[in-house]
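Here the structure comes first, spelled out in structure tokens, and everything after it is commentary.
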Amino acid sequence: MPIKYHQQSREFHLYNDHISYILKVLQNDQLGQLFFGQRVPDRDNHNYLVENTYRPVTSYVYDNDYSFSLGNLKQEYPAYGTTDYRMPAFEIKQPNGSTITNFKYVSHKIFAGKPTLSGLPATYAENDEEATTLEVLLHDSLINVDLILTYTIFDHYNAIARNVKFINHGEEDYQLTTAMSMNLDLPDDDYDWLQFSGAWGRERQLKSAHLRPGIQSVGSTRGASSHMQNPFVILKRPHTDDFQGEAYGFSLVYSGNFLAQAEVDPYKVTRVQLGINPFHFSWKLGPQQAFQTPEAVMVYTAKGLNDLSQNFHHLYQQRLVRGYWRDRQRPILVNNWEATYFNFTEEKLLTLAKTAKKLGIELFVLDDGWFGKRTTETAGLGDWWVNHDRLPDGISGLSAKIHDLGMMFGLWFEPEMTNKDSDLYRNHPDYIIETPNRHPSQGRKQYVLDFSRPEVVDYVYRLMAKVLREGNVDYVKWDMNRNITECFSSAYPADQQGEIFHRYILGVYRLYDRLIHDFPKILFESCASGGGRFDAGMLYYAPQAWTSDDSDAIERLKIQTGTSYCYPTSSMGAHVSISPNEQLQRQTPLKTRADVAFFGAFGYELDLNTLSPDELEQVKQQVSFMKDHRQLFQFGTFYRLKTPFNSNIVAWLVVSPDKKQAIMGYFKILNDVNAEYRRQRIPGLAPTTQYRVTEEAGAQLGTFSGSELANIGLVTTDASAGENKETTDFYSKLFIFDAH
């Protein structure tokens, strides 16, 4: 069993073929952290790793004993106020105002498999043989509260999943004001901190800085993981790149307010923490009540950032995404929004669908404007019944006509929102989140429903389920276009208002779970004004997400590259839109737009009926090409070869699991003149296998061994090397590698 407990030294060793994680019970019966990294041989005792010498201006646990200070130790789940002055992993406020605790080791359990987290998304094991779990029980006898730390190590991934549970066995109420999902104390600070930051339309841009003394952090207080930051960070050694070197990745399986931070102390110990943002968080832990944190996933690699990403990709594709669509190729869709906006009729929609069908497109999606009195963005949200003035035969009638064409039918919802001009608000004005006697701010002329209240979730569920059932819907685009302000719920007392942000996202998860249970074959795609809630928590419910409202191909090179550090290509909604692009007014070739979008859940976001005959033929060929290679694009092993964050050339590669086929997307952002000769090394292929290399248009480039392609590379010099008559700005090419 890949978790060992050494009773004499009171040490735990979690390991598989690639990684080791070692922790121990310290002399004060609290837990210490010893090592996380590349697999090391098991031994009975690692006491040599517990360093705790006298230091000036330090406090010590025991009277007249200057050899034991928590401030000098690497800890597993630390508290504040008992000689450790660094940021704590948790804090419990007691009735007398104290936050001092002393959680001591009581017992542990080691067992095969992985338990579920009630009401929360999490990775899972399909059978007990593929993962092993350690549960460590600690107890504070003064307040009579249990603290359970849970760790699961997977057999086939360099990953450990962690969570924490608090249980109040006492007779008093406590306020849990901090409850991080993980803490990891690393023995040095020689790391670069990588975060994925941005804003609407430019999500998940890679930002990097070397660690420095003090705290570096990212987080969200918006009620969602946000466009601005992502609940995923990396620590890497300065020399580490995509192909070699050590790195740690930390991902939170959660979609609400979060905090990810690294604190470097005066002795260069790096404390990494990830979990619910403590800002505006407080959870009333009443007698016999429990609180469960979200799951955090840690990945270690010694082989570079591509290997780190691939571990996350494979784990999340295979053991986070679930259900009918987990392993299935995603249908090629056309969405009517940028074709019609609110100005549509059934006839116009069917005309678009018929053109799409002729081109081989498989799924027609009706976006905003089909319900209530929704003819602009100012009204109707929450009134989830069909507008018969627009669709005389209803959703069921339109759906039947789309199905008769041989296509799937999809529908847009924004379940978490309402407008004041809606029947929902007129009948239930108390259903929105707002603070009493304060003016409620608005965003996009809409308000956030109070999903912390089960009756609000039930109300929305009943309306959505009726439409989905009667409309025979195959796909749902679940949008969320507004963050939470004036966070307050009329359903909870004053001492529970700090729970509302978390209870809200639990309500979102609850609605997803009910719909998935009742409609297991519907493909859900999450969206939040594009990429405003693109996180691991959402992937548990919706196997793909709209990556960004910015569908410009050149901006998508950055957005999809940044996203790829944690999330698989199968999760990225990636569409071909109009040129000039709506967001940037940039003109890009139709070929480039498709070549970028191939690396994701592919579709079109434009009016096909305005395209020229030549463009329609290109679309038809693109659809055919994607169908031929969809499995590879969406489920192949993905490599970043060159990134837009440090290069004018961007190159992405996907390799099939059996290494018999690969495709490289090669993109030049701006054209150059009299350029240098270029080669691109191609990793991931079988060294002794011969590969026939062609361009997507069919030009044969030759046959080469996998070893040649990896070590010498493929010549990618284009017409810009000389007097250019061919290439332009925003140039792209696909290279196909077939074993034979």
Side-chain angles (χ1 to χ4, degrees), residues 198-206 338 530 547-564 572 574-600 602-607 610-612 614-619 621-622 625-626 633 639-653 663-680 695-699 701 713-736:
W200 176 88
R202 49 181 174 87
E203 296 89 340
R204 291 173 297 286
Q205 313 285 296
L206 172 63
E338 291 190 21
T547 317
S548 175
D549 277 347
D550 187 346
S551 53
D552 173 73
I554 304 309
E555 285 301 302
R556 275 302 188 100
L557 290 173
K558 289 185 282 188
I559 294 167
Q560 289 176 218
T561 296
T563 304
S564 76
M572 298 185 211
H575 297 174
V576 177
S577 63
I578 198 69
S579 182
N581 175 262
E582 183 182 85
Q583 290 79 35
L584 283 87
Q585 300 304 307
R586 176 156 42 209
Q587 297 193 50
T588 53
L590 181 56
K591 171 177 165 47
T592 302
R593 285 175 269 156
D595 287 353
V596 173
F598 285 144
F599 290 84
F602 182 74
Y604 291 85
E605 196 95 9
L606 47 74
D607 188 349
T610 64
L611 301 182
S612 68
D614 178 65
E615 289 172 324
L616 289 171
E617 182 58 31
Q618 286 188 63
V619 170
Q621 292 175 8
Q622 291 166 0
F625 181 82
M626 184 61 181
F633 278 122
Y639 292 83
R640 293 174 300 274
L641 305 182
K642 293 184 184 297
T643 81
F645 303 117
N646 56 21
S647 173
N648 186 51
I649 301 291
V650 179
W652 298 334
L653 178 74
I663 295 177
M664 179 177 69
Y666 187 84
F667 310 94
K668 183 159 63 172
I669 298 171
L670 295 178
N671 203 11
D672 44 9
V673 62
N674 202 17
E676 71 270 20
Y677 298 112
R678 294 182 173 120
R679 291 184 199 166
Q680 178 58 59
E695 296 178 10
E696 80 275 23
L701 301 183
L714 181 71
V715 172
T716 55
T717 306
D718 59 47
S720 63
E723 187 177 355
N724 188 0
K725 302 289 186 181
E726 180 184 329
T727 66
T728 64
D729 291 347
F730 321 133
Y731 168 81
S732 72
K733 184 177 287 190
L734 298 180
F735 297 89
I736 303 168

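These numbers were taken from a predicted model, which means no experiment stands behind them.
Arg202 places no side-chain N or O within donor-acceptor distance of the main-chain N or O of Glu555, the cut-off being under 3.5 Å.
Annotation: the span from Gln560 atom CD to Arg204 atom CZ amounts to 9.5 Å, rounded to 0.5 Å. Rounded to the nearest 0.5 Å, atoms OH (Tyr731) and CD1 (Ile649) are 9.5 Å apart. Distance CE/Met572 to CZ/Phe633: 13.0 Å, rounded to 0.5 Å. Note that the CZ atom of Arg678 and the CG atom of Asp672 stand 4.5 Å from one another [nearest 0.5 Å]. Note: Leu714 CG to Phe735 CZ = 5.5 Å, rounded to the nearest 0.5 Å. Between the CD atom of Gln583 and the CH2 atom of Trp200 there is a distance of 5.0 Å, given to the nearest 0.5 Å.
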Side chain to side chain contact (heavy atoms under 4.5 Å, CB included) evaluation trace for Leu206 with Thr643: CA-CA 10 Å; Leu206 172 63; Thr643 81; 5.8 Å; no
Intermediate values then yes/no, side chain to side chain contact (heavy atoms under 4.5 Å, CB included), Val715 and Leu701: CA-CA 9 Å; Val715 172; Leu701 301 183; over 6 Å; no
Phe602 and Val576: CA distance, side-chain angles, deciding distance, side chain to side chain contact (heavy atoms under 4.5 Å, CB included) verdict: CA-CA 8 Å; Phe602 182 74; Val576 177; 3.9 Å; yes
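Heavy atoms only, all atoms of each residue included: Pro589 and Phe730 are closest at CD-O, 3.7 Å. Residues Thr727 and Ser720 come closest through the heavy atom pair OG1-CB, 3.9 Å. The heavy-atom pair separating Arg556 from Thr547 by the smallest distance is NH1-CB, 3.8 Å. In this structure, Met626 and Gly600 approach most closely via the heavy-atom pair CE-O, 3.6 Å. Of all non-hydrogen atoms in Ser577 and Ser551, the two that sit nearest each other are OG-OG, 2.7 Å. Considering all non-hydrogen atoms of both residues, Leu641 and Leu653 come closest at CD1-CB, 3.8 Å.
Looking at heavy atoms from C-beta onward, Asp729 lies out of side-chain contact with Ile554 at the 4.5 angstrom threshold. Counting heavy atoms from C-beta on, the side chains of Arg640 and Thr561 come closer than 4.5 Å. With a 4.5 Å cut-off on side-chain heavy atoms, Val596 and Trp652 count as touching. By the 4.5 Å heavy-atom criterion applied to side chains, Asp550 and Leu584 are counted as neighbours. By the 4.5 Å heavy-atom criterion applied to side chains, Ser579 and Arg593 are counted as neighbours. Proximity of Gln622 to Leu590: side-chain heavy atoms (C-beta onward) are separated by under 4.5 Å at one or more points. Contact of the Met664 side chain with the Thr716 side chain is registered, since non-hydrogen atoms from C-beta on lie closer than 4.5 Å. By the 4.5 Å heavy-atom criterion applied to side chains, Leu557 and Ile669 are counted as neighbours.
Counted by atom type alone, Asp614 and Ser612 present zero donor-acceptor pairs between their side chains at under 3.5 Å.
Under the 30°/60° scheme for interplanar angles, the aromatic rings of Phe625 and Phe598 are found to be tilted.
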